[in-house]
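One structure is given below, encoded as structure tokens.
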Number of protein chains: 2
Amino acid sequence: MIFSEKQIESIAEMLKSIAHPIRLKILCFLMEGEKNVGEIESEFGSTISNISQHLTVLRKANIINRRKEANFMYYTLKDENVSNLMRTIKINFCSDS
Amino acid sequence: MIFSEKQIESIAEMLKSIAHPIRLKILCFLMEGEKNVGEIESEFGSTISNISQHLTVLRKANIINRRKEANFMYYTLKDENVSNLMRTIKINFCSDS
DNA sequence: ATTATATTTTAGTATTTATTAAAAAGATAA
DNA sequence: TTATCTTTTTAATAAATACTAAAATATAAT
């Protein structure tokens with residue numbers, strides 16, 4: 001085993017945060033670039049409260065960043081590692097590119 | 001959005017199956033090649049019953065295959081897509097390669 | 001100030017998932 | 001056929017997660 005117990009726990013935590021239909025859709029959407037909560041909400045149903053809660057989960061798992069501008073919150077994928085992971089998922093598990 | 005709802009659901013399901021410390025460790029171990037339940041059990045604690053249940057989760061999520069030989073069950077990663085995903089996780093989220 | 005807009009937080013309930021222990025099933029060996 | 005070994009299944013309880021609706025916060029506009 002190459003990984004430490006701590007590392008395993010944190011990677012599992014991160015994957016768990018991605019492994020939800022709504023959060024996965026949010027992340028796919030964020031691959032396009034920065035979006036605010038309203039934009040995310042209108043892209044696919046659910047309530048804005050629910051979206052916000054899912055964004056919190058992603059943020060606590062270190063998957064996304066947020067930036068405040070006026071009373072809007074703009075979200076982005078955290079870093080290249082996250083982008084790489086999302087791209088790999090897309091390439092390997094989505095029939096159409 | 002490029003993905004269909006069904007595709008999203010199934011990818012989320014698959015990621016959820018990976019997103020657990022014990023299952024993640026099992027998958028890392030299987031990157032080395034085929035292993036039976038006893039080998040997996042002795043590699044890291046937990047009971048054999050618990051391991052078996054986690055293996056069932058992974059198998060139902062189409063992440064691993066199994067093969068019977070005498071009264072041993074041998075498990076492997078399902079395909080290249082799964083290997084690619086595991087490799088990406090390893091490269092991007094494990095400090096030491 | 002008051003109202004409106006955008007987002008987050010809290011609280012409650014329902015659902016899902018994990019863990020443990022015991023029982024069962026299947027294959028081999030004595 | 002009885003015993004043994006490997007693995008799976010079942011059942012019960014505990015713990016984590018998800019969803020809804022309501023309340024709260026913060027900024028902007030009137």
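Just so it is clear: chains get the letters A, B, ... in the order the sequence lines come, proteins before strands, and each one is counted from 1. The figures that follow rest on heavy atoms only: side chains count, while hydrogens, waters and symmetry mates do not.
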Seminar exercise, completed: Separation between NZ (K35(A)) and CD1 (I40(A)), nearest 0.5 Å, reads 9.0 Å
Seminar exercise, completed: Students should find that the nucleotides of DNA chain D closing off the region near chain A, any atom under 4.0 angstrom from a heavy atom, are dT17(D) to dA28(D)
For this session: Tell me what T47(A) touches on the nucleic acid: a base, only sugar-phosphate, or nothing, going by heavy atoms under 4.0 Å.
Result: nothing
Exercise. Would one find a side-chain N or O of R66(A) under 4.0 angstrom from OP1 or OP2 of dT7(C)?
Worked result: no
Exercise. For nucleotides 25-30 of chain C, read 5' to 3', which letter fits each nucleotide if B means a protein heavy atom sits under 4.0 Å from the base, S means only the sugar-phosphate is that close, and - means neither?
Worked result: -BBS--
Exercise. Where each residue is assigned the nucleotide of DNA chain D containing its nearest heavy atom, which of Q53(B) and I48(B) is assigned the position nearer the 5′ end?
Worked result: I48(B)
Exercise. At under 4.0 Å between heavy atoms, what does S49(A) touch on the DNA or RNA strands: base, sugar-phosphate, or nothing?
Worked result: base
Seminar exercise, completed: Per-residue pairing states of DNA chain C in dot-bracket (Watson-Crick or G-U under 3.5 Å; . unpaired, | other strand) read ||||||||||||||||||||||||||||||
Exercise. Does any non-hydrogen side-chain atom of L85(A) lie less than 4.5 Å from one of N81(A)?
Worked result: no
Exercise. When all nucleic acid strands are considered with a 4.0 Å heavy-atom cut-off, which category describes R59(A): base, sugar-phosphate, or nothing?
Worked result: nothing
For this session: Assign Y74(B) to base, sugar-phosphate, or nothing according to its heavy-atom contacts below 4.0 angstrom with the strands shown.
Result: nothing
For this session: Side-chain contact test, heavy atoms from C-beta onward, threshold under 4.5 Å: evaluate it for E13(A) versus K16(A) and give yes or no.
Result: yes
